[in-house]
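For reference, the structure discussed in these notes is given below.
All ligand and atom numbering here is 1-based and tracks the order in the structure.
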Amino acid sequence: MSERAILVIDEGTTSTRAMLFAPDGRCLGSEQRELAQHYPRPGWVEHDAEEIWSSSLACARAMAEKAGGADRIAAIGITNQRETIVFWSKRTGKALAPAIVWQDRRTAEMCARLKEAGHEALVQEKTGLLLDPYFSASKIAWTLEHWPEVREAGDDLLVGTVESWLIFKLTGGLHVSDATNASRTALMSIGSGGWDDELVQLWRVPRASLAEIVDCAGAFGETAAEMFGAAIPITGMAGDQQAASIGQCCLTPGDTKATYGTGAFILTNTGPELQHSRHRLLSTIAWQLGGERSYALEGSVFVAGSLIKWLRDDLKLLGSAAESEELARSVEDNGGVSIVPALSGLGAPHWEPAARASISGLSFSSGRAHIARAALEAMSHQTHDLKTAFASDGADWGVLKIDGGMVANEWLAQDLADVLELTVERPHFVETTALGAAMLAGVGCGLFGSLEEAAAMRGAMERFEPALDAERRDHRLAGWAEAVEAVLKTTRS
Ligand code: ADP
């Protein structure tokens with residue numbers, strides 16, 4: 001009889017997926033459902049928490065069936081969109097309010113007020129994060145203030161990030177959160193690994209509503225028998241970017257991965273010592289195993305693939321996301337066009353939530369190909385800005401391991417190598433987030449003795465080498481610097 005499979009639930013921002021892996025890393029199947037995005041007001045982004053659950057369960061059930069039933073599955077791993085926060089009733093297990101999504105900017109003013117009052121140093125020191133609406137804590141504080149269903153729930157209220165919500169539903173009542181997801185709430189002291197009383201008070205979060213923080217691999221619990229016909233152990237959990245980092249085998253200090261999906265997220269492993277950034281990068285937990293934490297520095301870019309989606313769906317400038325590649329190749333250069341994709345503010349290293357995007361350098365000779373090319377170039381430039389910040393923090397990159405939906409674009413992969421002057425590595429199997437969760441689940445159920453052993457699940461890679469001459473590269477970098485400067489000047493004036 002063949003070996004039992006690992007089932008991964010990968011709950012992303014725009015879709016939920018379940019995937020089945022063989023212990024040697026082969027992907028045996030996947031099932032996906034789109035997730036509805038709700039934009040009730042400008043800057044607000046919500047998901048229906050019940051839909052997150054029902055589509056995750058439906059996808060997982062399809063994979064359990066494909067595996068041949070629950071007893072053909074050794075373990076479940078969970079990975080998820082981070083920072084997004086869910087509010088539910090302990091008693092009924094039902095969501096009490098919409099989930100507030102990581103992209104939501106409704107707490108910009110609240111964060112600015114706290115920043116002005118001098119609280120950012122404390123937040124940064126304890127959490128490795130900044131005072132920005134991106135992180136969960138301000139979203140919880142806002143909800144408690146504005147939504148009576150949540151405020152009045154009292155002892156019945158449970159609050160958690162998405163993995164926490166899913167594990168509660170799967171197990172029928174367990175309230176845990178893994179250390180990587182907890183590290184994104186701005187409520188956790190990432191040095192000591194627990195919720196921090198001072199931060200919990202600062203954001204006025206009811207302490208009893210928070211989950212128990214656990215490792216990323218281990219025997220957390222089992223699915224309730226009725227979910228899949230028999231109980232399946234849940235043994236791996238990590239936020240999506242940390243899971244991708246593990247899936248790319250960034251297991252030693254200096255190893256770096258960049259994921260280009262809706263946004264772009266770059267993590268460099270910094271080892272077992274917590275390192276603080278002096279250049280507005282984030283410190284975060286890479287994983288926690290056996291109570292021991294490994295850390296990473298992170299640069300988050302809010303707009304990556306969403307720019308291509310916007311050009312396609314709103315401006316109707318592209319027939320498909322893939323057409324951006326064809327168009328970029330059809331012109332010799334960007335024709336002087338630059339795009340600074342600050343459609344929802346600028347993330348690291350600028351952190352300007354109020355910044356707005358620009359398309360500059362247009363003339364009558366600019367065509368949609370130049371705009372498509374500038375859009376892809378913006379990814380390389382945003383990454384280059386981060387590379388500079390990481391290097392200044394003493395975490396320079398050797399090779400850049402890329403993944404995410406956008407890196408199907410060969411032109412972009414080569415442009416990254418050119419602009420960064422680095423070897424860029426792209427795995428043949430680009431679903432590294434799910435793979436990382438499978439590796440953790442494999443460690444958690446004892447299939448592997450360590451992450452290093454689980455690294456055998458990672459398959460072959462393709463390499464892109466830098467090939468742009470210095471003059472053209474300098475010209476590109478100067479054009480971008482000018483465009484960003486103009487955006488920042490407008491924002492700050
Ligand atoms: P997420 O996990 O954040 O939902 P994915 O990793 O699935 O996102 O990536 C999807 C994003 O990648 C979309 O925003 C889409 O516009 C972009 N994308 C997909 N294919 C390409 C392509 N060939 N070229 C450029 N962008 C692409």
Side-chain angles (χ1 to χ4, degrees), residues 8-19 30-37 45 47 51-52 55-56 59 78-84 101-103 134 162 238-245 247-248 257-267 300-330 339 341 343-344 347 368-369 371-380 382-383 401-416 424 426-427 429-437 462 464:
V8 168
I9 298 174
D10 177 0
E11 202 298 301
T13 308
T14 55
S15 71
T16 290
R17 233 168 296 189
M19 295 177 104
S30 91
E31 176 82 9
Q32 182 167 349
R33 295 219 172 161
E34 295 306 311
L35 190 67
Q37 312 290 310
V45 190
H47 287 158
E51 186 192 353
I52 289 180
S55 49
S56 299
C59 292
I78 300 175
T79 181
N80 56 289
Q81 50 167 323
R82 306 171 305 170
E83 298 97 13
T84 298
V101 178
W102 59 272
Q103 295 154 313
Y134 178 25
V162 170
D240 53 8
Q241 301 312 322
Q242 279 88 342
S245 185
Q248 288 272 31
K257 75 90 202 177
T259 301
Y260 298 88
T262 304
F265 299 90
I266 303 181
L267 266 78
S300 331
V301 169
F302 296 137
V303 178
S306 53
L307 173 66
I308 302 298
K309 191 171 179 302
W310 178 75
L311 291 175
R312 184 193 65 189
D313 300 345
D314 295 276
L315 297 198
K316 315 277 186 223
L317 211 90
L318 302 170
S320 66
E323 200 198 353
S324 62
E325 171 160 2
E326 214 176 288
L327 286 170
R329 286 189 195 282
S330 74
I339 299 184
L343 291 131
S344 56
R368 67 189 185 104
I371 293 179
R373 184 155 171 147
L376 294 177
E377 287 182 353
M379 304 305 134
S380 304
Q382 293 187 107
T383 310
K401 304 174 179 196
I402 60 168
D403 53 50
M406 273 195 105
V407 307
N409 191 313
E410 301 261 337
W411 189 89
L412 173 61
Q414 183 57 47
D415 196 57
L416 283 165
V424 166
R426 182 178 70 177
F429 180 70
V430 293
E431 298 296 345
T432 55
T433 304
L435 182 64
E462 218 172 315
F464 298 84

- [ ] Verify the ring-centre separation between Phe265 and Tyr260: is it less than 6.0 angstrom?
- [x] no
Please examine the side chains of [Y] and [X], heavy atoms only from C-beta on, and report whether any two atoms are closer than 4.5 Å.
| X | Y | answer |
| --- | --- | --- |
| Arg82 | Gln241 | yes |
| Thr13 | Leu35 | no |
| Thr262 | Gln103 | yes |
| Ile402 | Leu416 | yes |
| Ile339 | Ile371 | yes |
| Trp310 | Arg312 | no |

Considering non-hydrogen atoms of the protein only, which is the closest contact for [atom], and what is the distance?
| atom | value |
| --- | --- |
| atom 9 (O) of ligand 1 | Gly405 CA, 3.3 Å |
| atom 23 (N) of ligand 1 | Ala322 CA, 3.5 Å |
| atom 18 (N) of ligand 1 | Ala321 CB, 3.8 Å |
| atom 16 (O) of ligand 1 | Gly305 O, 3.0 Å |

- [ ] Measure Ser324 to ligand 1 on non-hydrogen atoms and call it side chain, backbone, both or neither using the 4.0 Å cut-off.
- [x] side chain
TODO: Enter the distance from Ser324:OG to Leu307:CG here, rounded to the nearest 0.5 Å.
DONE: 9.5 Å
For [X], the ligand 1 atoms whose distance to one of its heavy atoms is below 4.0 Å:
| X | answer |
| --- | --- |
| Ser306 | 14 (O) |
| Thr14 | 4 (O) |
| Ile308 | 16 (O), 26 (N) |
| Gly261 | 3 (O), 5 (P), 6 (O), 8 (O), 9 (O) |

Open item on the list: Check for me whether Ser15 has a heavy atom closer than 4.0 Å to any atom of ligand 1.
Closed with: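 Per 4.0 Å heavy-atom rule, Ser15 does not contact ligand 1.
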- [ ] Determine whether any heavy atom of Gly12 lies closer than 4.0 Å to an atom of ligand 1.
- [x] no
Open item on the list: Below the 3.5 angstrom mark, is there an N/O of Leu376, backbone or side chain, next to an N/O of ligand 1?
Closed with: no
Task: N or O contact, Asn409 vs ligand 1, cut-off under 3.5 Å - done: yes
Task: Nearest option to atom 7 (O) of ligand 1, as decided by whichever heavy atom of Arg17, Met379, Met406 sits closest - done: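 Minimum heavy-atom distance to atom 7 (O) of ligand 1 goes to Arg17.
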Open item on the list: I'd like the name of whichever of Thr262, Leu311, Thr433 reaches closest to atom 3 (O) of ligand 1 through any heavy atom.
Closed with: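 The option holding the nearest heavy atom is Thr262.
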- [ ] May I ask you to say whether Arg426 pairs ionically with Glu410, meaning some side-chain N is under 4.0 Å from a carboxylate O?
- [x] yes
Open item on the list: Any donor-acceptor pair under 3.5 Å linking the side-chain atoms of Glu11 with those of Thr16?
Closed with: yes
